[in-house]
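Any value given below was found using the heavy atoms of this structure, including those in side chains, with hydrogens, waters and symmetry copies removed.
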Number of protein chains: 2
Amino acid sequence: MAIPRAAKTQRRTRIQEEKEERILEAALDVFSSSGFRGSTIDQIAEAAGMSKPNLLYYFRTKEAIHRQLIDRVLFTWLEPLRAFDPDGNPESEIRSYIRRKLEMARDFPRESRLFANEILQGAPHIEDELKGPLKQLVDEKAEVIRAWARMGKIAKCDPYHLIFSIWSTTQHYADFDVQVRAVLGQHYAGEGRFEDAARFLEGLFMEGLRVRGGVM
Amino acid sequence: MAIPRAAKTQRRTRIQEEKEERILEAALDVFSSSGFRGSTIDQIAEAAGMSKPNLLYYFRTKEAIHRQLIDRVLFTWLEPLRAFDPDGNPESEIRSYIRRKLEMARDFPRESRLFANEILQGAPHIEDELKGPLKQLVDEKAEVIRAWARMGKIAKCDPYHLIFSIWSTTQHYADFDVQVRAVLGQHYAGEGRFEDAARFLEGLFMEGLRVRGGVM
DNA sequence: GTAATGTTTTACCAACCGGTCAAATTATCG
DNA sequence: CGATAATTTGACCGGTTGGTAAAACATTAC
């Protein structure tokens, strides 16, 4: 009997693991460039090299694929912020946070766009995660930044808007890649733009946060 | 005979103007929150309070609505950058550019999201405008900024990445509004976040661009 | 080998989608 | 008023969409 929809079984087979991985990989491609509503199961199935009913054997609905993808991405996406060390040196912590976020924009642009698409369209699937775990993490790190400012290690500033500005400036290179490419023209070639961006952003934030007359 | 599809006539009637406006207004709502592919004519028609065939009497295709909307938005969207004055004071020019972009994010978030959706999904409808008029304008203003740096009025920096960072930080408050709301929680209420953002961003960019040891 | 389980395919469905058509209705103008 | 043009509606169409059912096929366990 062929009842079990890959869920009834306790143990996942080798084929299941492979196929699910292939589906998620394909879905990342499709969802990140068309958004949830604009993507079709057929597109994902084709990108994954299988038929639609076959794909639906592994994931019962389009939502199920999307949810699993979002969950996975959200976790790794916050990794750099989690790594923010309260006991570290403020300058190097912020500098390396910027650098890591920029590396992620460079190396995982699809993940960034998947996330951006979701937020842009009102985050219908992840509102809870934003208000829960995300807010909690940001609150925690904001307090760290505030403490640094109190100790005079960096200029006084609103830590939330500081974090927003680091998010937006770095993710811009993934999310608005087409625009960046159009504007930079020939200078876009290769990955040089990421080095230029890193230099610019590190300069901006380091000078912008420097305590006047002192060293960070 | 009822042939004319609102195009054959030279003169637009009062009804035509009103209805077209209502359709574009409704389409802005729908497109900005679902993207092009994710939006349906039915949704737009319902939001505009008319039947689908009636809507299609004014705009022949879904693309036609979208194109007109994009054209209109793109023009006003670049207005602040156009206003950038080469002969003005660098500090106040940059400061007021930031402020104006932030005001637009506050007052026209749907327009920002429409644009963001389009870029995110690969800008299939406006690639030419990005590579043409947009690039040209940015090139021109980048040269202005570079000149200011050469004259020692602001710190040396890559003008393109400066512009990108102003775009991204300001538009973030429109495009990622849901996330900003989730993270700020109760502090999101009202429009105070825009004043906080303005204060933070002006500080960041003003200090970040200040020539060390001198005044801008 | 064979029986049980796991995987893939073919055929299909109801709902939705962008868009058309012709007829009915309403506004405009002399 | 009547005629003409502008607008609105309802019925419809072919193609796509998310998803299902069942049978065919492959794999594994004994």
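Here C:dG6 presents its C1' atom at 14 Å from CD of A:Glu18, a figure rounded to the nearest Å. Atoms CD (B:Gln16) and P (C:dA27) sit 15 Å apart, rounded to a whole Å. As a whole-Å value, the separation of A:His66 NE2 from D:dG19 P is 13 Å. C:dG6 atom P lies 18 Å from atom CE of A:Met50, rounded to whole Å. Rounded to whole angstrom, the span from the CD atom of B:Glu17 across to the P atom of D:dT7 amounts to 11 Å.
Contact check on B:Lys135 versus B:Asp139 returns a salt bridge, with a Lys/Arg side-chain nitrogen under 4.0 Å from an Asp/Glu carboxylate oxygen. A salt bridge does not link A:Arg22 to A:Glu18: none of the charged nitrogens lies less than 4.0 Å from a carboxylate oxygen.
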Show me the protein contacts with nucleotides 16-18 of chain D, counting only N or O atoms at under 3.5 Å.
residue: D:dG18; atom: OP1; partner: A:Ser39; partner atom: O; Å: 3.2
residue: D:dG18; atom: OP1; partner: A:Lys62; partner atom: NZ; Å: 3.0
residue: D:dG18; atom: OP2; partner: A:Ile41; partner atom: N; Å: 2.9
residue: D:dG18; atom: N7; partner: A:Lys52; partner atom: NZ; Å: 2.8

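Dashed line: the shortest gap from a side-chain N or O of A:Asn54 to OP1 or OP2 of C:dT9 is under 4.0 Å. Neither OP1 nor OP2 of C:dG6 sits under 4.0 Å from any side-chain N or O of A:Lys19. An OP1 or OP2 oxygen of D:dT8 is reached within less than 4.0 angstrom by no side-chain nitrogen or oxygen of B:Ser51. Listed pair A:Tyr58 / C:dT8 meets the phosphate criterion, a side-chain N or O lying under 4.0 Å from OP1 or OP2. For the pair B:Tyr57 and D:dT7, the criterion of a side-chain N or O lying under 4.0 Å from OP1 or OP2 is met.
Using a 30° and 60° split on the angle between ring planes, B:Phe31 and B:Phe36 fall in the parallel class, below 30°. Classification of the B:His161-A:Tyr173 ring pair by plane angle, with boundaries at 30° and 60°, yields tilted.
The CG atom of A:Leu55 sits 12.0 Å away from atom NZ of A:Lys62, with the distance rounded to the nearest 0.5 Å.
The cationic atom of A:Arg82 (NZ for Lys, CZ for Arg) lies less than 6.0 Å from the six-membered ring centre of A:Phe75 and within 45° of the ring axis.
No more than 12 heavy-atom neighbours from other residues, nucleotides or ligands sit within 6.0 angstrom of CD on B:Gln136.
Nearest nucleotide to the side chain of B:Pro53, out of D:dA11, D:dT20, C:dT7: D:dA11.
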